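In what follows, a single structure is set out as structure tokens and then discussed.
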Protein chains: 2
Amino acid sequence: MSELISGKSLHGHLDTMVLAVLDKADGHGFDVWRRLESEGQGGLKLKEGSLYPALYRLEKAGLVSARWEDNETKRRGPRRRIYKITRKGKRQLEKGREEWEHFVNVVGRVVGAPA
Amino acid sequence: MSELISGKSLHGHLDTMVLAVLDKADGHGFDVWRRLESEGQGGLKLKEGSLYPALYRLEKAGLVSARWEDNETKRRGPRRRIYKITRKGKRQLEKGREEWEHFVNVVGRVVGAPA
DNA sequence: CCCTATTATTTAGAAAGACTGGGTAGTGTG
DNA sequence: CACACTACCCAGTCTTTCTAAATAATAGGG
């Protein structure tokens, strides 16, 4: 009966999650969104309105690069923007993973076990 | 070399941490602050300007109750406001702990291990 | 050939939570 | 009496996410 993860509790960890997803393979925004949802095994509830700004943020910070895909293949929809993690992004991802571990340890220690 | 936990990454988990601390023993704001810092074993960096609003939030939500301490004992400083977790707060703490577990599982799965 | 469903991107505005950087107050100690 | 120490309080700001759309492009059905 756990609530879906969204909003406040996600704060600041989304960027690392996006980098982790893009580290496995390049992808466009919608793709990243679907992969986040599937890797989160349904426990993650993310809005496009949160994801795209996150991608812009990462691009602006030089952690991912982006290019427009040539729409040669026959498919529906507008041109897609393909994101790729940069070397700087990979370093940040490592740092983000360390921060995540640290965060889990410290907060977990305070929150503690149920009685 | 982990960064101290503060700001964005804390978002939404502070309330549960405060409830967890108050579940062990009642305490005034400054006390809660010191106990958070000590239980976080130096890994936590929290400002009073963040803690007190959190306490008001919890009080307003009926998760903690507060009373002014009679300043009988000889000590320095102004009157202290003693916070105590309520029954509703205890239920919320349990829920918060479940949410924390869930959060760690889901985000951890996405963030994954360093290669 | 239009209409709709699907895929994908974009954005404006609001809300929430924590931060910065102070200030106020009371009392023991030198 | 000045000062350090303890404790509390607050205004304004920043960042991140959410809400709630609009827009774009095309395949496929009728």
Side-chain angles (χ1 to χ4, degrees), chain A residues 3-19 26-37 44-61 63-64 66-83 96 103 107, chain B residues 3-19 26-37 40 44-61 64 66-83 96 103 107:
Chain A
E3 295 283 318
L4 291 180
I5 291 172
S6 67
K8 50 182 190 161
S9 65
L10 220 55
H11 236 85
H13 303 291
L14 178 57
D15 290 18
T16 301
M17 286 196 284
V18 170
L19 287 176
D26 302 352
H28 51 90
F30 211 74
D31 184 38
V32 169
W33 182 66
R34 278 184 310 212
R35 282 157 68 193
L36 280 172
E37 301 250 318
L44 211 52
K45 184 188 176 183
L46 187 62
K47 296 307 164 61
E48 292 114 305
S50 309
L51 176 61
Y52 286 102
L55 286 169
Y56 308 150
R57 202 159 56 226
L58 293 172
E59 186 182 359
K60 196 176 165 193
L63 304 176
V64 304
R67 63 180 170 82
W68 286 106
E69 178 188 52
D70 286 333
N71 199 349
E72 300 283 327
T73 57
K74 290 186 179 175
R75 52 159 208 85
R76 294 171 194 173
R79 284 194 310 161
R80 300 187 289 196
R81 201 155 167 75
I82 311 291
Y83 293 92
F103 173 74
V107 177
Chain B
E3 295 283 318
L4 292 181
I5 290 174
S6 67
K8 51 182 192 163
S9 64
L10 222 54
H11 237 85
H13 303 290
L14 178 57
D15 290 17
T16 302
M17 286 196 284
V18 171
L19 286 176
D26 303 351
H28 53 90
F30 213 73
D31 183 38
V32 169
W33 181 66
R34 278 184 311 212
R35 281 157 68 193
L36 279 173
E37 301 251 318
L44 210 52
K45 183 189 178 183
L46 187 63
K47 297 305 163 64
E48 295 160 52
S50 308
L51 176 62
Y52 286 103
L55 286 169
Y56 306 151
R57 203 159 55 227
L58 293 172
E59 186 181 0
K60 197 177 165 192
V64 305
R67 63 180 170 81
W68 286 106
E69 179 189 51
D70 285 334
N71 201 349
E72 299 285 323
T73 57
K74 291 188 178 174
R75 49 158 212 85
R76 295 172 192 170
R79 283 195 309 160
R80 301 186 290 195
R81 201 157 168 72
I82 309 292
Y83 292 92
F103 172 74
V107 177

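Just so we're on the same page: letters track the sequence lines, and every chain starts at 1. Everything numeric here is computed off the predicted structure, so don't read it as measured data. Atom set for the values below is all heavy atoms of this structure, side chains included, hydrogens, waters and symmetry mates excluded.
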Whole angstrom value for the distance that separates P of D:dA24 from CZ of A:F30: 18 Å
Separation of A:H28 atom NE2 from D:dA25 atom C1', in whole Å? 14 Å
Start with the C-alpha distance between A:L55 and A:R81, add both sets of side-chain angles, then the distance that settles side chain to side chain contact (heavy atoms under 4.5 Å, CB included), and finish with yes or no. CA-CA 10 Å; A:L55 286 169; A:R81 201 155 167 75; over 6 Å; no
OP1 or OP2 of D:dT6 sitting under 4.0 Å from any side-chain N/O of B:R34? no
State, with a plain yes or no, whether a side-chain heavy atom of A:R80 is found less than 4.5 Å away from one of A:D31. no
Decide yes or no for A:L14 and A:L46: does some side-chain heavy atom of the first lie under 4.5 Å from some side-chain heavy atom of the second? yes
As a test of reading the structure: which of C:dA18, C:dT9, C:dT7 is closest to the side chain of A:R75, going by heavy atoms? C:dT7
Could you work out, with side chain to side chain donor-acceptor pair (under 3.5 Å) as the rule, every residue matching A:H13, not counting sequence neighbours? none
B:P78 has a side chain; which of C:dA25, C:dT9, D:dT16 sits nearest to it? C:dA25
Under 4.0 Å from any atom of DNA chain D, heavy atoms only: list the residues of residues 44-54 of chain A that qualify, in numerical order. A:K45, A:L46, A:K47, A:G49, A:S50
Ring pair (Phe, Tyr, Trp, His ring centres under 6.0 Å) partners for B:Y52, two or more places apart: none
Can you tell me how far P of D:dC9 sits from NZ of B:K60, to the nearest Å? 16 Å
After noting the C-alpha distance and the side-chain angles of A:Y83 and A:E59, does the key distance pass the side chain to side chain contact (heavy atoms under 4.5 Å, CB included) rule? CA-CA 8 Å; A:Y83 293 92; A:E59 186 182 359; 4.0 Å; yes
Is there a side-chain contact between B:V64 and B:V18, using heavy atoms and a 4.5 Å cut-off? no
Can you tell which of C:dT9, D:dT16, D:dC9 lies closest to the side chain of B:R81? D:dC9
Separation of A:W33 atom CH2 from C:dT6 atom C1', in whole Å? 12 Å
Quickly work out the B:D15 CG to C:dG17 C1' distance and round it to whole Å. 9 Å
Grab the CH2-P distance between A:W68 and D:dA25 for me, whole Å please. 10 Å
Starting from the 5' end of DNA chain C, give me the residue, B:R57 or A:Y56, whose nearest nucleotide shows up first. A:Y56
Measure from NE2 on A:H13 to C1' on C:dA18 and round the result to the nearest Å. 13 Å
B:H11 side-chain proximity, nearest of C:dA18, D:dC9, C:dA8: C:dA18
Closest to the A:R76 side chain, choosing from C:dA8, C:dG17, C:dT6: C:dT6
CE of A:M17 versus P of D:dT17: gap in Å, rounded? 8 Å
Given D:dT17, C:dA18, D:dC9, identify the nucleotide with an atom nearest to the side chain of B:L14. C:dA18
